[in-house]
Engineer: 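This is the structure, below, for whatever I ask next.
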Amino acid sequence: NAGVTQTPKFRVLKTGQSMTLLCAQDMNHEYMYWYRQDPGMGLRLIHYSVGEGTTAKGEVPDGYNVSRLKKQNFLLGLESAAPSQTSVYFCASRLGTGPYEQYFGPGTRLTVT
Amino acid sequence: GQQLNQSPQSMFIQEGEDVSMNCTSSSIFNTWLWYKQDPGEGPVLLIALYKAGELTSNGRLTAQFGITRKDSFLNISASIPSDVGIYFCAGQLSGNTPLVFGKGTRLSVIA
């Protein structure tokens, strides 16, 4: 039982390049989330999903797209990376019902030059 | 949107001291969660609170759900060096709404 895993751990992009971050969970969780963490800003929600095939915008969705084609995976895409998207990205998941405890992955550190 | 005010922003304490931090909101929440983040890692859940007035412990950690439902407190007793990290509070109104996070309290422990 690996919990929540994220791929890759680190990435450097040039401005305008695209990439996809992968989040996978093996806990059969319904809800999945993508956050970004910047110094002094805490965790800010980018997009989330309440089930396979669904997505919704969070607090800072601009410049990002997401897809949840399979229950266990939640993909975060950057179509045209900008330096302002330099951040640490965390994925999280939780059961859809019952306890609202949310579990985080180890993070992806992205630098856009 | 909803915001959580977490204080203090940072604190330096001597090993063995007790620590208190809190989180306040302008609106009510029905769930409060406390997380700890070690450097280079993702946040790890410490304590979950589901009922106003609830007091829950996890080892040396004790958290309380304020009776107004607009605040929560975390205490750490007899701090040790491995308590170093950033502590986040998070509130949730209902199961369908995302968590709202505070900006964190950065704890440093001086041996």
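All chains are named by letter (A, B, ...) in the order of the sequence lines, taking the proteins before the strands, and each is independently numbered beginning at 1. Being a predicted model, the structure only gives us computed values, none of them experimental.
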Engineer: With a 4.5 angstrom heavy-atom cut-off, which part of A:L43 approaches chain B: side chain, backbone, both or neither?
Structural biologist: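 For A:L43, heavy atoms of backbone and side chain both lie under 4.5 Å from chain B.
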Engineer: Return yes if a side-chain donor-acceptor contact under 3.5 Å exists between A:Q37 and B:Q37, otherwise no.
Structural biologist: yes
Engineer: With a 4.5 Å cut-off on side-chain heavy-atom distances among I, L, V, M, F, W and Y, is there a chain of contacts connecting B:F73 to B:W32?
Structural biologist: no
Engineer: Report the option among B:R106, B:K103, B:E41 that has the most heavy-atom pairs separated by less than 4.5 Å from atoms of chain A.
Structural biologist: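 The option with the most such pairs is B:K103.
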Engineer: Examine A:Y64 and A:Y48 and state if one hydrophobic cluster contains both, with Ile, Leu, Val, Met, Phe, Trp and Tyr joined whenever side-chain heavy atoms are less than 4.5 Å apart.
Structural biologist: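 Unlinked, A:Y64 and A:Y48 end up in two clusters.
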Engineer: Decide if atom CD of A:E52 counts as having more than 12 heavy atoms of other residues, nucleotides or ligands within a radius under 6.0 Å.
Structural biologist: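 Yes - once you tally the heavy atoms of other residues, nucleotides and ligands closer than 6.0 Å, there are more than 12.
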Engineer: According to a 4.5 Å side-chain heavy-atom criterion applied to Ile, Leu, Val, Met, Phe, Trp and Tyr, with indirect links allowed, do B:Y35 and B:I86 form part of one hydrophobic cluster?
Structural biologist: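 Result: yes, single cluster for both.
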Engineer: Are any of the side-chain heavy atoms of B:L99 and A:Y35 separated by less than 4.5 Å?
Structural biologist: yes
Engineer: Please name the pair of heavy atoms, one in B:G42 and one in A:F90, separated by the smallest distance, quoted to 0.1 Å.
Structural biologist: CA-CE2, 3.3 Å
Engineer: What heavy-atom pair brings B:P43 and A:F104 nearest, and what distance separates the two atoms?
Structural biologist: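 B:P43 and A:F104 have their closest heavy atoms at O-CB, 3.4 Å.
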Engineer: Nearest 0.5 Å, please: how far is CG in B:L46 from CD in A:E101?
Structural biologist: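 Those atoms lie 11.5 Å apart.
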Engineer: Hey, any chance A:V88 and A:V66 share a hydrophobic cluster, counting ILVMFWY side chains that come within less than 4.5 Å of each other, even indirectly?
Structural biologist: no
Engineer: Specify which of A:Q102, A:M41, A:R44 makes the most heavy-atom pairs with chain B at under 4.5 Å.
Structural biologist: A:Q102
Engineer: May I ask you to check whether over 12 heavy atoms, not counting those of B:E17, lie within 6.0 Å of atom CD?
Structural biologist: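 Enclosed: over 12 neighbouring heavy atoms sit under 6.0 Å from CD of B:E17.
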